[in-house]
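What follows is a short report on a single structure.
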Amino acid sequence: MQEELMKQNLPINNPEGIPDLLPELNQRFTALLSTLVTSTFIVESQPPQVLKKESRFSARVRLLVGGKLNIYMTPPQVRASIISEVQARNLLKNDSSAKKDTCGDIANNMGMMEYNQQKGELSIEFRNMQLRRIRRADKRGAEAVTEEKFCILFQSDFQIGNGELMFQVWTLSLPVVVTVHGNQECNALATVLWDNQFNEPGRQPFTVPEHVPWPKMAELLNIKFSSMCGRKLSPDNLKYLATKLFGGSSPHDDFSNRMVTWSMFNKDTMQHPNRSFTFWEWFYSIAKLTKEHLKGPWSDGLIMGFISKEGSQEVLKNSMPGTFLLRYSDSSIGGITIAWSAEDPNMPKDSLVKAPIQIWNLAPFSVKDFSIRSLADRIKDLPQLVNLYPSNPKNQAFKKYFSKVDVKDPKEGYVKPELIQVIKSSDVETRNCIGQQMMVDNPATPSAMSDMTEAHSPNPSENPLSPSVSAAINAAISGDVMEDDTDIMLDYDFDRMIVQNVNQMLNQNSMGISQINPLSQVNPLSQVNSSVPQVNGLPQVNAINTMSQMSSMPQANGTVPMVSNMPPQMNNLQQWPNS
């Protein structure tokens, strides 16, 4: 019928011996129009590629030629379904039955396309879809469920030209990985990233190479980390990551021709003793920690990040005492540690030889730690940390990240407590660069924190306090020391400082020993009596104008433990003899 109408409108007789080309031209025109319409049915907004069962998700589908062909006059209906990798392959083979296949149930998966006259767009947005059920294929070998890929199929039927042409259009989303629990997110994301980065044009769904060259892997890691955290990885960072992937390598090696397999990336544990996690689990946990708690310092270049413990020691060995840097832990997932330089505590105090520099490593902080107190505030708490490498004063580098001090009057008579961090380990007394004392052992052989029930000084009555120092200690115990008040302690001779154990003083006070006259001015301690709760025969110190809870944390991997909720004034009272 269409050919006859065209001949009537264009009455041209074919010469004898020449075939009629009109049917062929008509067929080609219809095929081109069909290709145009079907190829412009696209997924404009993709569903999440890590799709959790029972969670709600959205997607947007658009027909680009919908306004030009007046299809909006009778808006078509669109249906969404989830199909497996095998079903997607059958669909591309023009298997007519494949459009009816599904491997799960999606709620709220149908709707009518809407026309935006102002923009000239014909589209539909699924705002409230929900995956109710998923049917997985049989496992292939050691393949995990987070390696199985699916996709969302969108399809629709409509007609144009008063019903002369009927179109059946469909399109596929990017591959998705279905999870049922939050702890599967990390591995599912690894599958998605590998597919997105290394798939080839025109592939069969959803084939990917089993190994890729290191430069391509470095590009993936750089893109992912910068998109999450705001700053790209440096060449030194990438070389260090290469050593973690290949194991036993040196940052000076040439990795350009090395191949990274999928197993190395996210199946095999890292090639290091006592590591129970994969490379990707380690890397992603660091990216997540940085995104949630350290994005500002990382973007400002305050975190060196991916550097080994040996590398940090090499960097700091020639620095001034108190210089520190921040690096991501390689012994635990999702941790950041602080390495700093300090003079050798074993050198005699009166030695004319300059004490050698030793490098110390603080136990790593995790997401849980930063939910209690930020990294900047923890750095501010520690007097052992002075300058961020190479010579940036910490109060200048981290100033904008310090928490603001609440100077409001206490409500209803209650004083708001504040948790601050101190460094404490065993009985070896070590001076830091500014003269204040900390308790540390040799960084190569750390030990557990000392028991505070042990005495650390002779009878305090033999070294009476000066009135000004007694007032300073009294203010410290009562919680009145402000941020800058600790500077007054630096005017005293630290070579004559004696550390007095809090529990010892409390025990002596409760037993009625009267020779502790120097500390009798301190009201909170002088009021302790035998009614105070006892632990192992000693008074329990857990509520003296602060909410402190003492805990012992074992050291490991050459790190110094910390007591994150113990005010430094309460760890060891510092007592000076009269000058």
Side-chain angles (χ1 to χ4, degrees), residues 43 45-59 79-93 95 97-107 109 126 129-155 170-212 216-217 220 224 260-269 276-285 288:
V43 181
S45 178
Q46 295 283 342
Q49 289 191 264
V50 177
L51 190 58
K52 189 176 180 181
K53 185 181 175 183
E54 301 294 344
S55 296
R56 300 186 183 278
F57 65 98
S58 62
R79 182 169 65 92
S81 59
I82 186 167
I83 61 175
S84 66
E85 183 175 338
V86 174
Q87 291 167 344
R89 291 178 184 176
N90 294 335
L91 189 62
L92 291 179
K93 295 177 182 178
D95 186 348
S97 61
K99 295 181 182 179
K100 300 178 182 179
D101 292 340
T102 182
C103 61
D105 297 332
I106 299 178
N109 66 330
F126 296 92
M129 288 191 291
Q130 185 179 28
L131 181 61
R132 294 284 181 83
R133 184 180 64 88
I134 189 68
R135 184 174 67 254
R136 299 185 182 275
D138 296 334
K139 287 187 178 181
R140 295 172 293 184
E143 185 182 74
V145 294
T146 52
E147 297 179 55
E148 186 177 3
K149 289 174 273 190
F150 303 86
C151 66
I152 307 298
L153 168 65
F154 299 94
Q155 52 186 322
W170 57 269
T171 186
L172 298 176
S173 72
L174 294 175
V176 300
V177 177
V178 177
T179 64
V180 296
H181 196 277
N183 59 13
Q184 296 175 320
E185 178 186 1
C186 178
N187 293 326
L189 188 57
T191 301
V192 168
L193 285 178
W194 189 280
D195 188 280
N196 290 349
Q197 186 75 11
F198 305 128
N199 72 79
E200 298 177 354
R203 64 168 178 172
Q204 290 290 322
F206 295 105
T207 57
V208 288
E210 279 295 318
H211 51 79
V212 295
K216 287 190 175 182
M217 173 56 65
L220 181 151
K224 183 61 180 177
V260 181
T261 65
W262 166 250
S263 294
M264 293 168 59
F265 181 65
N266 192 47
K267 295 193 76 172
D268 301 335
T269 56
S276 59
F277 42 83
T278 66
F279 171 83
W280 170 250
E281 290 172 338
W282 171 76
F283 179 83
Y284 178 67
S285 64
K288 194 172 181 180

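- Salt bridge present: Asp105 and Arg133 bring a charged side-chain N and a carboxylate O closer than 4.0 Å.
- Within the 4.5 Å cutoff, no side-chain heavy atoms of Phe57 are placed close to those of Gln46.
- Taking each heavy atom of Gly104 and Thr102 in turn, the nearest pair found is O-OG1, 2.9 Å.
- Thr269 and Ser276 make their closest contact through CG2-C, 3.9 Å (heavy atoms, listed as atom of the first residue, atom of the second, distance).
- Listed for the Glu148 side chain is no donor-acceptor partner under 3.5 Å among the backbone atoms of Arg136.
- Interatomic distance, Met264 CE to His211 NE2, rounded to the nearest 0.5 Å: 11.5 Å.
- Considering OG1 of Thr191 and CG of Asn266, their distance stands at 6.5 Å, rounded to 0.5 Å.
- Summarising the geometry, atom CG belonging to Leu172 is positioned 6.0 Å from atom CZ belonging to Phe206; distances are rounded to the nearest 0.5 Å.
- Taken from CD in Gln87 to OG in Ser81, the straight-line distance is 8.5 Å, to the nearest 0.5 Å.
- The two residues Phe150 and Arg135 have their closest heavy-atom pair at CE2-O, 4.1 Å.
- Contact record, Lys53 with Leu131: CG-O, 3.7 Å, taken as the closest heavy-atom pair.
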Item to check | Verdict with supporting geometry, Val178 and Ile82, side-chain contact (heavy atoms from CB on, under 4.5 Å) | outcome: CA-CA 10 Å; Val178 177; Ile82 186 167; 4.1 Å; yes
Checklist entry - What do the steps show when you test Leu153 against Trp170 for side-chain contact (heavy atoms from CB on, under 4.5 Å), and what is the final call? => result CA-CA 7 Å; Leu153 168 65; Trp170 57 269; 3.9 Å; yes
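- To the nearest 0.5 Å, the span separating CG on Leu51 from CD on Gln130 amounts to 10.0 Å.
- Taking the six-membered ring for Trp and thresholds of 30 and 60 degrees, Trp262 and Trp194 have ring planes more than 60 degrees apart, a perpendicular arrangement.
- Between the CZ atom of Arg89 and the CD1 atom of Ile83 there is a distance of 11.5 Å, given to the nearest 0.5 Å.
- Looking at Trp280, its side chain does come within 3.5 Å of a backbone N or O of Cys186 through a donor-acceptor pair.
- Ring geometry for Phe279 against Phe283 counts as parallel: the plane angle stays under 30°, on a 0 to 90° scale with 60° as the upper cut.
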Next on the checklist: Please evaluate residues Ile152 and Ile106 with respect to the criterion side-chain contact (heavy atoms from CB on, under 4.5 Å), reporting the C-alpha separation (whole Å), side-chain torsions for both, the decisive distance (0.1 Å), and the verdict.
Outcome noted: CA-CA 10 Å; Ile152 307 298; Ile106 299 178; 4.0 Å; yes
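- Here the closest heavy-atom approach between residue Cys103 and residue Ser84 is recorded as SG-N, 3.6 Å.
- Across every non-hydrogen atom of Ser58 and Pro48, the tightest pair is O-CD, 4.1 Å.
- In Glu54, the CD atom is crowded: over 12 heavy atoms of neighbouring residues, nucleotides or ligands sit closer than 6.0 Å.
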Next on the checklist: Between Glu281 and Asn187, does the side-chain contact (heavy atoms from CB on, under 4.5 Å) criterion hold? Intermediate values first, please.
Outcome noted: CA-CA 7 Å; Glu281 290 172 338; Asn187 293 326; 3.6 Å; yes
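- In summary, the side chains of Gln49 and Asp195 do not present any donor paired with an acceptor at a separation below 3.5 Å, with no hydrogens or angles considered.
- For the pair Lys267 and Glu147, the minimum side-chain heavy-atom distance is below 4.5 Å.
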